[in-house]
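Beneath this line is the structure, given in structure tokens, with notes to follow.
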Amino acid sequence: MVIVLHGENELEIEEALMELRESVGNAAAQSMNVITLDGRRVTPAELQTACAAMPFLSARRLIIVEGLFTRGRRRAREETAFLEVLFAVPPTTLLVLIEPRTLPEDHPLLRWIAAHPDQGEVRHFPLPPPRVLPEWVMTRARRYSGTFTPQAASALAALLTDPRLLDQEIRKLITWAAGRPVTPQDVERLVPYAAPISLFELTEALGRRDVRRALAALHRLLAEGEHPLGLFGMIVRQFRLMLLMKEQLEKGLSPAEAGNLLGLHPYAARKIAEAVVAFSLPQLEAFYRNLAELDVAIKTGQIPDVVALETFIVSVGRRGMA
């Protein structure tokens, strides 16, 4: 039997491989019946010899080969020779071919499996797309007997996209929550990549014209070591996105459509769309011009960077600004 595991999701490929290892038996049985070969160096003859060997004190033997077809371009003759080996895999051997990228549908290996469904199967493990990451987080949490609020799942998914890192943080957060649902506050407190959440609190407060909370978030970020000019640049980016989002919404696009056009994560797009409700398009244009003027004032030494940040936050709170 031949099983192909392909895709960029290394975490789920590893988990699938672990299940296949366990099917061989306990640790002792695995030590004698699980063989790993380097796909960059193994020859067709070596692979055929490994597959032909009988299992020892076990019902099956597991041969694992990584990158047989994706690590470098093989000559057509060699590729054909490897495919011929697949025909000779005995029922007592499970040959697992791991390809660490998504193979095209017309790849010779996938065509071979499609033509011989009784001799093999294909399992695809792509990276979860950004739009489904929050649901992926919640599914993984249930796997560890935990739960996330939808807001916490979205917050974590907005910070990380690598499944392995996400999985580590999910397990840590579930342990911390100790039976209750994980909240956005837990994510902010425990995830080391969560600096953007504090920044998002700042920009979210600006979106609601909550000067007191925005100033508090600013000074907390400064106390945590964030550089004033870095924060200024992030605020400029945020208001640029708000301006662009407002323009697209006024053209009749939905927040999701506008976010997709601007290349935003769905969670960030939704939050920005909610923030721009409090502003007219002329107001956002005025704020953006104000930021450009403050940028020049900071660089020419006319105003200290922290004072410029505070000045802008206070100006956003003045509801009468046109």
Side-chain angles (χ1 to χ4, degrees), residues 1-25 30 33-55 58-133 135-137 139-140 143 157 161-167 260:
M1 181 70 170
V2 180
I3 296 181
V4 177
L5 309 179
H6 73 116
E8 293 76 17
N9 193 332
E10 295 180 3
L11 172 67
E12 293 185 355
I13 286 179
E14 274 187 18
E15 291 171 344
L17 185 58
M18 187 179 300
E19 290 182 6
L20 292 171
R21 282 179 173 273
E22 291 172 352
S23 72
V24 172
Q30 290 180 36
N33 293 286
V34 177
I35 305 297
T36 300
L37 300 174
D38 188 341
R40 295 170 299 181
R41 296 181 174 86
V42 69
T43 66
E46 290 169 339
L47 180 59
Q48 186 166 13
T49 298
C51 291
M54 295 297 293
S58 178
R60 70 169 30 166
R61 179 177 170 86
L62 178 64
I63 308 297
I64 302 166
V65 187
E66 182 176 352
L68 185 64
F69 289 91
T70 57
R71 287 184 172 168
R73 185 176 180 84
R74 294 189 177 278
R75 293 190 298 273
R77 180 180 300 177
E78 187 180 37
E79 190 173 82
T80 300
F82 276 116
L83 292 175
E84 289 175 353
V85 171
L86 305 187
F87 283 108
V89 175
T92 54
T93 294
L94 180 59
L95 174 61
V96 178
L97 303 178
I98 300 175
E99 302 296 336
R101 67 173 176 85
T102 296
L103 298 176
E105 293 183 3
D106 62 348
H107 191 279
L109 181 57
L110 300 191
R111 291 207 309 268
W112 188 92
I113 296 290
H116 306 87
D118 57 329
Q119 293 178 260
E121 65 176 273
V122 176
R123 303 180 192 175
H124 185 206
F125 298 92
L127 292 172
R131 292 183 182 278
V132 305
L133 266 182
E135 181 58 37
W136 187 91
V137 168
T139 300
R140 296 293 295 190
R143 178 183 182 132
T161 58
D162 181 82
R164 193 182 301 279
L165 291 176
L166 276 170
D167 187 69
N260 187 55

Output field: ring centroids Trp112/Phe87 closer than 6.0 Å: yes
Nearest heavy atoms of Gln48 and Ala88, plus distance in Å: NE2-CB, 3.9 Å
Separation between CG of Asn33 and CZ of Arg21, rounded to the nearest 0.5 Å: 11.5 Å
For the residue pair Val24 and Ser58, what are the closest heavy atoms and their distance? O-OG, 2.9 Å
CA sep, side-chain torsions, deciding dist, call: Leu95, Leu47, side-chain contact (heavy atoms from CB on, under 4.5 Å): CA-CA 10 Å; Leu95 174 61; Leu47 180 59; 4.0 Å; yes
Please report the closest heavy-atom contact between Pro163 and Trp136, naming both atoms and the distance. O-CH2, 3.7 Å
Check whether any side-chain heavy atom of Val122 lies under 4.5 Å from a side-chain heavy atom of His6, and answer yes or no. yes
Any side-chain heavy atom of Glu8 within less than 4.5 Å of one from Arg101? yes
Within this structure, what is the CG-CE distance for the pair Leu86 and Met1, rounded to the nearest 0.5 Å? 12.0 Å
Please give me the minimum heavy-atom distance between Ala81 and Pro44, naming the atom from each residue. CB-CG, 3.7 Å
side-chain hydrogen bond (donor to acceptor under 3.5 Å, both in side chains) against Arg60, all qualifying residues, sequence neighbours excluded: Ser23
Results of salt bridge (charged side-chain N to carboxylate O under 4.0 Å, His left out) for Glu135 - residues two or more places apart only: Arg142
As an exercise, state the distance from OG1 of Thr139 to CZ of Arg143, rounded to the nearest 0.5 Å. 10.5 Å
Give the C-alpha distance, both sets of side-chain angles, the deciding distance and a yes or no for side-chain contact (heavy atoms from CB on, under 4.5 Å) between Ile35 and Leu62. CA-CA 6 Å; Ile35 305 297; Leu62 178 64; over 6 Å; no
Which residue pairs pass the salt bridge (charged side-chain N to carboxylate O under 4.0 Å, His left out) test with at least one member in residues 107-122, sequence neighbours excluded? Glu121-Arg123
Who are the salt bridge (charged side-chain N to carboxylate O under 4.0 Å, His left out) partners of Glu22, not counting sequence neighbours? none
Taking only residues two or more places apart in sequence, or in another chain, which ones meet Glu10 in a salt bridge (charged side-chain N to carboxylate O under 4.0 Å, His left out)? Arg164
Do the side chain of Thr93 and the main chain of Cys51 share a donor and acceptor less than 3.5 angstrom apart? yes
Hey, mind stepping through Arg131 and Asn260 against side-chain contact (heavy atoms from CB on, under 4.5 Å) and telling me if it holds? CA-CA 10 Å; Arg131 292 183 182 278; Asn260 187 55; 3.4 Å; yes
Once rounded to the nearest 0.5 Å, what's the spacing between atom CD1 of Ile63 and atom CG of Leu37? 6.0 Å
Let me confirm one number: the CG-OG1 distance from Leu17 to Thr36, rounded to the nearest 0.5 Å. 7.5 Å
Considering non-hydrogen atoms only, spot the tightest contact between Gly39 and Val65 and give its length. CA-CG1, 3.7 Å
Please round to the nearest 0.5 Å and tell me the distance separating atom CG of Asn9 and atom CD of Glu12. 4.0 Å
Who passes side-chain hydrogen bond (donor to acceptor under 3.5 Å, both in side chains) against His124, sequence neighbours left out? Thr102
Closest contact, heavy atoms only, Gly7 versus Ile13: O-CD1, 3.5 Å
Donor-acceptor pair, distance only, cut-off 3.5 Å: does the side chain of Glu46 make one with the backbone of Thr43? yes
Before giving the answer on side-chain contact (heavy atoms from CB on, under 4.5 Å), spell out for Arg140 and Leu166 the whole-Å C-alpha distance, their side-chain angles and the decisive distance to 0.1 Å. CA-CA 9 Å; Arg140 296 293 295 190; Leu166 276 170; over 6 Å; no
Spell out, as yes or no, whether a donor-acceptor pair under 3.5 Å connects the side chain of Glu99 to the backbone of Leu68. yes
Is any side-chain heavy atom of Leu97 closer than 4.5 Å to one of Ile64? no
